[in-house]
S.K.: 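Once you've had a glance at the structure underneath, I'll fire off some questions.
In what follows, chains carry the letters A, B, and so on, assigned in the order in which the sequence lines appear, proteins first and then strands, with residues in each chain numbered from 1.
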Amino acid sequence: MIKDLIINDLHSIVGALKLESNNKYTVEEPKDKEHGDFSTNIAMVLAKLNKTAPKVLAEKIVAKLKKNKHFSKVSIAGPGFINIKIAQALYHDILLDIFYAGDEFGSSEYGKGKMILLEFVSANPTGPLNIVNARAASFGDSLCRIMRKVGFYAEREFYINDAGNQVDILTESVELRLRQIRGENIGEFPFEAYHGEYVMDLAKEINSTEGTRILMMPEKDRMEKLKDFSLQYIHNLQINSLAKFDVEFDNWVSEKNLRKQGMVEEVLSYLAEAHCTYEKDDAIWFKSTEYGDDKDRVLLKADGTPTYIVPDIAYHLTKYQRGFDVMIDVLGPDHHGYIPRIQAAIEALKYDEDKLQFIILQQVNLFEDGEKVKMSKRLGKLVTMDDLFRAIGKDVSRFFFLQRSTNSHLNFDLELATKEGNENPVYYCQYAHARIHSILKNGKKAGLKPRKSDLKSLELLTTKEELDLIKKLSSFPELLIAIAETRETHRLPNYVIELAGLFHKYYGKFKVVDVKKEELTRARLHLVKIVARTLKIALNIMGVSAPEEMKQKKAPGDKKKSAPKKPKVKEVSETVKAKKEVKPAPKKEKKPSVKKASEKKVVKKVASPKKKTAVEKKKVSKTEAVKPKTSAKPKATTTAKKTTTKKVATKKSAVKKPAKKIAKRQ
RNA sequence: GUCCCCGUAGCUCAGCUGGAUAGAGCGUUUGACUCCGGAUCAAAAGGCCGUGCGUUCGAAUCGCGCCGGGGAUGCCA
């Protein structure tokens, strides 16, 4: 809010002085508060353009700026920075605006109702959602909420790959389990089948309802029935997991339906009409290399069935047909080659490629006892979203995921996360919120409630801490816009931490409720109440609750640290150290890091789709990041895995007809 | 081979799209309620921002090359 005001002022000054401008100057809060509340580099940025020395230019601009009553001090520093100190009156005006904005604080018309489609998670319907999906869900959902908040019309969409190989394998896995339950000897469970417990649960479920009947059906009907049942079952599992995280989707799009509607044939004919297909080795290929992909892609396999790419193209065409201005795919890093393929098709079919954007969510590495764990849905080896929910709950999970930039590889140690649950920034933020409510209660007890009639008293808020709080509050709307624009959702939790921190500091230094200073107390109560409301708005966007009281402090017995503390601390640190030592090469763990590149890259990619710059693809989740192929081989760290591998060979023969697909995949 | 992501405090991460003396949390050390909730606050210690060039008034940030870690490169999805 304040920033906008300054920028507007600068714009008009540039006009008044008839300066050449590229609008590349910025207004920022200097790290060093001594430099003022805000500073701008305008003089340095425009100096060359206007063939004037920065300082000379700065003086001219400063002369104008000084006329603005909102600025109490304007000065030039260093090579030509202009530093601005904000007049207190402006803070009070702003606080008043925020007060009147109420629960809508932060909302804006920035998006102008532009239609955005966000596709995320889109996990295969072959198993429960896992940690990676949880990250995607947290990110996508919050991004959507932010976009809506700043005036976009945004929809969340989940694409279900309920057709194709993986579904058949699931069906066959379920059938095998069903037979097993009914006492048949199925031999070794095939390696390529899904080993997760949920398959057994699923089979049990079927068994308890209509197991007998199903097994009596002719094969085709039986498999069809099992497939439908399984898909529905897993779909429900996934919906439930998402619901626990407060993530809901507006649309669920089924690949199977797209196929039913003949979209596959349609896409094939479109591409043929565009003269970008050819036949080779009995297959139909797409000349995607002509549109920036690094190799051509098969559309129709030699056996006459389409590859996944065709329905995927079809799916994206439906997005276009639904009239969105921007479509965002949130993808996992494992679908690397996907983006150029889809982009190639979009380009070939003459759709506007700029509208289709991709965000890559980097992987989540799972650690157990300091060792990296390979997740595999097929082997049932994964930490599910439900596990996560049980271990640390929704609030901590969502906050945790959101806090990292999308480019950041994320190391996740469930045990550690559980332990650190108590020392978590989430609680820091929630505590600030709860504390304020506690203060308000106290005020009420003392007969002091913030009333509309004492808004005038806001002028009494003059301490540095109070003004800092107001300044921080005032940057909230522009932050949301920046996030919507850059998709850097991790900036929101950081903002909340900062705001909560400013409050805690303030709390430590001043007493809000002071019966002797009634008017000042009311003003402070107003301020603090607005802070709480803003915290709540921000937390809710993140899908994190904002409780009015925190349930429980730490352990019951540590009111006083001093005496018991020392021994305790030692113990703790010893355990920690011990643990660390056990961990092999902790230093080598890659550190996730941050780049804000996502947006840039998206832009780049979009701008030059023909570049080889492959990026990644959709289907955020695809738990099957771990390819059976690779993992089946040597990497298997555990002997268990090796055994499994061996078993496979044996099994193959044991499995008779039901497991066609499974056998085939070997 | 080609492509993507990452390298910032002991650990996990920020760093507001190129600004002034690089920041938090955890961990370590030391203090602070007879008073609005100590899940807090105040303070100390801890850095060649992987590395070398380049771009410019100015680089953790942009470009190129190395080094190191992870991932992707199916007629799987």
Side-chain angles (χ1 to χ4, degrees), chain A residues 26 28-32 35 39 41 44 47-48 54 77-81 124 161 164-166 255 281-283 285 294-295 297-303 305 307-309 312 333-338 340 360 362-363 365 403-405 407-409 411 416 420 422-425 427-428 430-432 434-435 438-443 445-446 475 479 482 486 488 490-491 494 497-498 501 504-505 507-509 511-514 549-550 552-554 559 561 573 576 580 586-597 599-601 612-617 619 622 624-625 627-629 665:
Chain A
T26 56
E28 313 190 335
E29 289 180 45
K31 284 172 205 156
D32 189 341
H35 292 130
S39 77
N41 57 3
M44 289 178 289
K48 228 180 211 179
F81 289 104
N124 269 345
N161 289 106
N165 251 334
Q166 77 281 7
E255 177 184 354
D281 303 334
D282 296 328
W285 294 69
D294 43 5
K295 49 179 106 156
R297 305 291 165 180
V298 171
L299 297 171
L300 258 193
K301 296 184 245 179
D303 67 5
T305 59
T307 60
Y308 70 92
I309 214 181
D312 273 358
D334 53 321
H335 290 82
H336 193 102
Y338 182 82
I360 315 303
Q362 286 302 324
Q363 68 199 77
N365 297 314
Q403 217 185 342
R404 266 73 174 180
S405 101
N407 287 339
S408 178
H409 297 216
N411 294 338
L416 216 72
E420 285 176 358
N422 244 358
E423 297 296 329
N424 202 289
Y427 296 117
Y428 184 80
Q430 290 180 325
Y431 183 50
R435 213 175 207 185
S438 174
I439 293 174
L440 291 172
K441 248 183 250 167
N442 278 317
K445 263 187 217 161
S475 67
L479 175 77
T486 61
E488 290 170 356
H490 66 278
R491 283 167 60 182
N494 287 328
I497 292 173
E498 283 165 16
H504 283 308
K505 274 189 188 112
Y507 176 91
K509 199 164 171 184
K511 192 143 191 304
V512 174
V513 178
D514 183 345
E549 52 186 53
M550 303 294 277
Q552 205 183 354
K553 298 186 184 176
K554 287 191 178 171
K559 275 182 192 170
K561 283 179 183 174
S573 58
V576 171
K580 277 181 184 167
K587 280 187 185 175
K588 284 181 190 166
E589 293 172 14
K590 39 178 172 190
K591 298 171 192 172
S593 62
V594 181
K595 239 195 199 166
K596 32 195 161 178
E599 166 72 354
K600 268 187 193 165
K601 263 149 220 166
K612 286 183 183 174
T613 2
V615 196
E616 335 264 303
K617 109 140 249 195
K619 279 146 217 185
K622 296 298 160 85
E624 289 133 309
K627 308 247 162 159
K629 189 178 154 198
R665 272 169 66 106

S.K.: Would you please confirm or rule out a distance under 4.0 Å between OP1 or OP2 of B:U17 and any side-chain N or O of A:Arg491?
M.R.: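 For A:Arg491, the contact criterion (side-chain N or O under 4.0 Å from OP1 or OP2 of B:U17) is not met.
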S.K.: Please tell me which of the listed nucleotides, B:G74, B:C41, B:C75, lies nearest to the side chain of A:Arg297?
M.R.: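 The nucleotide sitting nearest to the side chain is B:G74.
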S.K.: Side chain of A:Met550: nearest nucleotide among B:G19, B:C76, B:A39?
M.R.: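 In terms of side-chain proximity for A:Met550, the closest of B:G19, B:C76, B:A39 is B:A39.
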S.K.: What's the gap between B:G19 and B:C11 when it is taken at their C1' atoms, as a whole Å value?
M.R.: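 Straight-line distance between the two C1' atoms is 30 Å.
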S.K.: Counting only Watson-Crick or G-U wobble pairs whose two distances fall under 3.5 Å, which nucleotide matches B:C41?
M.R.: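 By the stated definition (distances under 3.5 Å), B:G31 pairs with B:C41.
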S.K.: Between A:Thr305 and A:Asp303, is the side chain to side chain donor-acceptor pair (under 3.5 Å) condition met? List the steps.
M.R.: CA-CA 6 Å; A:Thr305 59; A:Asp303 67 5; 2.7 Å; yes
S.K.: Classify the side chain of A:Tyr308 and the base of B:A77 as holding, or not holding, a donor-acceptor pair under 3.5 Å.
M.R.: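 Pair found.
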S.K.: To the closest 0.5 Å, what do you measure between CZ (A:Arg297) and OH (A:Tyr308)?
M.R.: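 The OH atom of A:Tyr308 is 6.5 Å from CZ of A:Arg297, to the nearest 0.5 Å.
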S.K.: Under 4.0 Å, heavy atoms only, any strand: does A:Glu498 hit a base, just the sugar-phosphate, or nothing?
M.R.: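 The answer is nothing, as A:Glu498 stays clear of every strand by at least 4.0 Å.
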S.K.: Just compare B:C75, B:C41, B:A20 and give me whichever is closest to any side-chain atom of A:Asp281.
M.R.: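 Output: B:C75.
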S.K.: Which nucleotide in the list B:G69, B:A20, B:C41 gets nearest to the side chain of A:Ala77?
M.R.: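 In terms of side-chain proximity for A:Ala77, the closest of B:G69, B:A20, B:C41 is B:A20.
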S.K.: Nearest-Å distance, NE2 (A:His504) to C1' (B:G25)?
M.R.: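 Rounded to whole Å, this separation is 13 Å.
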S.K.: Give one of base, sugar-phosphate or nothing for A:Ser39, where a contact means two heavy atoms less than 4.0 Å apart.
M.R.: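 Base contact - A:Ser39 has a heavy atom under 4.0 Å of at least one base atom.
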S.K.: Tell me the partner of B:G63, counting only Watson-Crick (N1-N3 plus N6-O4 or O6-N4) or G-U wobble (N1-O2 and O6-N3) with both under 3.5 Å; none if nothing fits.
M.R.: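 Checking every strand shown, B:G63 finds its partner in B:C53, with both distances under 3.5 Å.
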S.K.: Counting only side-chain nitrogens and oxygens, does A:Lys301 get under 4.0 Å of the OP1 or OP2 atom of B:C76?
M.R.: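 Affirmative; the distance criterion is met.
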S.K.: Give a yes/no answer on whether the side chain of A:Lys295 brings an N or O atom under 4.0 Å of OP1 or OP2 in B:G74.
M.R.: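 Indeed, a polar side-chain atom of A:Lys295 lies that close.
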S.K.: Taking the nucleotide of RNA chain B with the nearest heavy atom to each, does A:Lys505 or A:Asp514 sit closer to the 5' end?
M.R.: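 Final value for this comparison: A:Asp514.
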S.K.: The side chain of A:Thr486 lies closest to which of these nucleotides: B:U17, B:A20, B:U40?
M.R.: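 Per side-chain heavy atoms of A:Thr486, the pick is B:U17.
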S.K.: Report which part of the nucleic acid A:Ser438 touches: base, sugar-phosphate, or nothing (heavy-atom distance under 4.0 Å, all strands).
M.R.: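 The residue A:Ser438 makes base contact.
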S.K.: Look at A:His490 and B:G15 and indicate whether a side-chain polar atom (N or O) is within less than 4.0 Å of OP1 or OP2.
M.R.: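 Yes.
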S.K.: Out of B:U40, B:G15, B:A77, which nucleotide sits closest to the side chain of A:Tyr428?
M.R.: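 Looking only at side-chain atoms, A:Tyr428 lies closest to B:U40.
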S.K.: Here's a test of your reading of the structure: between A:Leu300 and A:His35, which maps to the more 5' nucleotide of RNA chain B?
M.R.: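 In this pair, the answer is A:His35.
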S.K.: For B:U40, does the glycosidic angle fall within 90° of 0 (syn) or outside that (anti)?
M.R.: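 Anti, angle beyond 90° from zero.
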S.K.: Applying a 4.0 Å non-hydrogen cut-off, can you work out what A:Gln430 is touching in the nucleic acid: base, sugar-phosphate, or nothing?
M.R.: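 No contact.
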S.K.: Supply the atom-to-atom distance A:His504 NE2 to A:Arg435 CZ, rounded to the nearest 0.5 angstrom.
M.R.: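 Here the interatomic distance stands at 6.0 Å.
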S.K.: Looking only at side-chain atoms of A:Ala302, point me to the closest of B:C5, B:C75, B:A77.
M.R.: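 The listed nucleotide nearest to A:Ala302's side chain is B:C75.
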S.K.: Kindly point out which of B:U17, B:C75, B:G74 is positioned nearest to the side chain of A:Glu28?
M.R.: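 Ranking B:U17, B:C75, B:G74 by closest atom to the A:Glu28 side chain puts B:U17 first.
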S.K.: Using a heavy-atom cut-off of 4.0 Å across all strands, would you classify A:Lys511 as base, sugar-phosphate, or nothing?
M.R.: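 Base, at least one base heavy atom under 4.0 Å.
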S.K.: Report, one pair per line, the protein and nucleotides 55-58 of chain B atoms (nitrogen or oxygen only) whose separation is under 3.5 Å.
M.R.:
unit_1, atom_1, unit_2, atom_2, d
B:C57, OP1, A:Lys48, NZ, 3.3

S.K.: Side chain of A:Asp334, heavy atoms from C-beta onward: which of B:A77, B:G70, B:A72 has the nearest atom to it?
M.R.: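 The answer is B:A72.
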S.K.: For atom P, what is the distance between B:G46 and B:A24, given to the nearest Å?
M.R.: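 That atom pair is separated by 15 Å.
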